[in-house]
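Shown next, in C-alpha cells, is the structure this report addresses.
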Amino acid sequence: MAEPLLDIRGVSKSFGGVAANVDISFTVTAGEILGLIGPNGAGKSSLFNSIAGEVKPDQGSIRLDGTVISGLGPVACAARGIGRTFQVVRSFDSMTLLENVMVGSFLRHRNTGTAMAKALDVIGFCGLAARADVPAHDLTPPEKRRLEVARALATEPRLLLLDEILTGLTPTEAQAGVDLIRAVRARGVTIIMVEHVMEVLLPLIDRAVVLNLGRKLCEGTPQSVVRNPDVIRAYLGDRFVA
Amino acid sequence: MTGAAAHTIETRRRTQLLVGAGLLVGLIILPVLIPSPYWRGLMVLVLLYAGLSQGWNVLGGYCGQISLGHALYFGLGAYTSTLLFTRLGIPPTIGLFAGGALGGAAALLVGWPCFRLSGHYYAIATLVFGLIGLLLVENWDWVGAAEGITIPFRQQSWIDLQFRIAVLPFDYAMLAYAALAWLVAWLVEGSRWGFYWRAVKDDSIASRSLGVRVFPSKMAAAAISGAITGVGGALYAQYIGFIDPPSTFGLSLSVLIALPAVVGGVGTLWGPLLGAAVLIPVQQISIAKLGGAAGGVDLMIYGGLILVLALVRPQGLISLFGIRGAAGDAVVENG
Ligand SMILES: Nc1ncnc2c1ncn2[C@@H]1O[C@H](COP(=O)(O)OP(=O)(O)O)[C@@H](O)[C@H]1O
Ligand SMILES: [Mg+2]
C-alpha cells in the first residue's frame, strides 16, 4: 500500500491542565478530503495547530510523506507544503486582498512580478478577481474566508487544513464554498476540513475522523460515523442512542 | 480583469517614482531661489529629519516595531564619523558609511534580545537601550564625555563635507541623503521584505503560517533602519561641526526621529517627508520663540500634536491626500 501523505501517531497536547489532544492517531491519503468532526472543544483546532507546526505536541509524532514534521515550527511546515486557514480569520487588514495573497506566493516566488502573477491566478481561481484591490479590512466575512484559502493556496501546499470555513455562511455561500473545496482537490491538493454543518460536510468528504474530549472517537466513511452510537452520544447525549 | 489589478500596483509605483523625481528637481532648484541662510538652514533640517524618519519608518512603520531609541544609532553614526575624522583624518564621506554600518549593527544588537518582546515592551526596551547609550558616552572621556567634540575646520572640500559658505552645499548633501532614504524605502516597499514586514505587523501568527520567518524579517528591517539613521548622524555632525551626548544620543532626538513618520503617516512612503516638512518648521519656531530645547517645552508641543492627530487623523496627514494603508496603497477616498 502507498505511504500515507500525513501520518499522525499518538499525538497528545495539553495546555496547562487542559488535555486538548490525547493519543490521537490516524492517516490521510494523498488526494482525499478528510472531515475532522467533533463537538466544540473536542480538540480539532489544537490538532490543526500541531499539524501546521504552530504548537509542538507533548507526545507522539506527525509525518508528512514519511518525514517527521512535528516540532519543526510553522515556517518549516509551510515550506514543506502544509497550508492552513484559521478558525478566527487572520487577514492582513492594512493590505489589499492581492497583497495578502502575495505574502503567500512569495514563499515560492521571490520576484515581485512572478509572485503577483501567481497571486492573481489563485485569486481568480477562488472567484475573487473583482476584489483584488480592495483592502482586506473592507471585505465581507465570506470574502475574508476565501482570502485565507487563497493565501494558503498561494504557498502551493500539498496538504490544506481548513478550519470551519463554511461556518456562519448562508446556504448559497456555503454551496459556493463546497464548489471551491472540490476545485482545490481537483488541483491535486489533499484536504483536512473541520466543519459543523453536517449536511454540507457529509456529501463532500471521503472519510471522517471524530474527536471528542481530546480523544479520537472513531473514523470511517461519513455514513458509518454518523450512525456510530458513540458519536451520537457525544453530540446529542445518551437518550438519543437507539 | 486580473491584468487590471497588476496594473494598479505597478501604476502606483511608477507614479511614486515620477512624483519623487519631480520633487527632487524642485528641491534642487529651491535653495537657489531662497538665498536667505535661515531658510536654507531650515531646509537642511527638514531634509535631515525626512531621511531619518524614512529610516525609522522602515522598522516602526512597515514592520510595526516602534522604536524610541533611534538616537542610539544616530549618535553612533555621528561619533564614528567624527572620531574617524578627528583622530585618523578619514574623510566623513567615508566615515558616514562606517557610521551607517555601526548604526545598523547596533540596531541588530538591540533587536536580538528585544524582538522576542511584544508590542509596548519592545518600545520600552529600545528606550532603555537609548538611555544606556547616552550614559555611556556621557561618562567616556576618550570621546569627550559630557563636553563633546568640536570638529576642526580643515579645508573647503566635498570629500570632508566642510564648506566656508556653510549652508548651501548641505542643502544638497541632505537632499541626496533624503532622496536615497526615500529610494531605499521605495525599493523595499515593493520587495518581498516589504510585504513580509507588513504581514508581520498585521498578524505575525498568520504570516508564519505562510512561511514568513518573523525574527529575521524584523532583523532585516532593523539593520536597514539603523544604517539609514547612522548615516544621518554622520551628516548632522559635519553640518553642525560639534557633537555632544544630549544632541546626538538624547531621548528627545529619538522622539523627533519617529515623529515625522507618525505625523505624516506611519508605514507610508510619503509620510516621513510630509511630516518633516510640517513638524520641523514648527519645532524651529517654537525653539526660537520659547528659547532652547532643553526645557522640554518642545516635547510637550509634540505630545500635544500627536494627541490631536491621533484623535483627528489617526492615519496621518498623508490621508488628507486620499492615501491610506500601511504602505501607501493609493486608494482615493470617495473616488
Ligand atoms: N493555546 C491554548 N491555550 C490554552 N488552552 C487551549 C489552547 N488551545 C486550545 N485550548 C483548549 O483546548 C481545548 C480544545 O480546544 P480546540 O482545539 O480549540 O477545540 P475545537 O477546535 O475542537 O473546538 C479547549 O478546552 C481549549 O480551551
Ligand atoms: Mg476549533
With distance as the sole test, does A:Ser105 use its side chain to make a donor-acceptor pair with the main-chain N or O of A:Ala115 at under 3.5 Å?
->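 Here the side-chain-to-backbone pair exists.
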
Between A:Arg151 and A:Glu148, is there a salt bridge with N-O shorter than 4.0 Å?
->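 Looking at A:Arg151 together with A:Glu148, the answer is yes, because their closest N to O distance falls below 4.0 Å.
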
Ion pair A:Asp93/A:Lys144, N-O distance below 4.0 Å =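 Salt bridge: yes.
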
Contacting moiety of B:Phe195, where chain A heavy atoms sit under 4.5 Å = both

Using a cut-off of under 4.5 Å for heavy-atom pairs, which of A:Arg84, A:Arg110, A:His109, A:Met102 has the most such pairs with chain B?
->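 Of the candidates given, the most pairs with chain B belong to A:Arg110.
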
Under the side chain to side chain donor-acceptor pair (under 3.5 Å) rule, collect the residues that match up with A:Asp163, sequence neighbours excluded.
-> A:Ser45

Which members of residues 213-221 of chain B, sorted by number, sit under 4.5 angstrom from chain A on a heavy-atom basis?
-> B:Arg213

Is the shortest heavy-atom distance from the side chain of A:Leu6 to the side chain of A:Arg63 under 4.5 Å?
->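 Contact flag for A:Leu6/A:Arg63 side chains = no.
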
By ring-ring contact (aromatic ring centres under 6.0 Å, His included), which residues pair with A:Phe86, not counting sequence neighbours?
->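 With sequence neighbours excluded, A:Phe86 shows a ring-ring contact (aromatic ring centres under 6.0 Å, His included) to no residue whatsoever.
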
Listed by chain and number, what are the salt bridge (Lys or Arg N to Asp or Glu O under 4.0 Å) partners of A:Glu156, not counting sequence neighbours?
->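 A:Glu156 satisfies salt bridge (Lys or Arg N to Asp or Glu O under 4.0 Å) with A:Lys118 only.
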
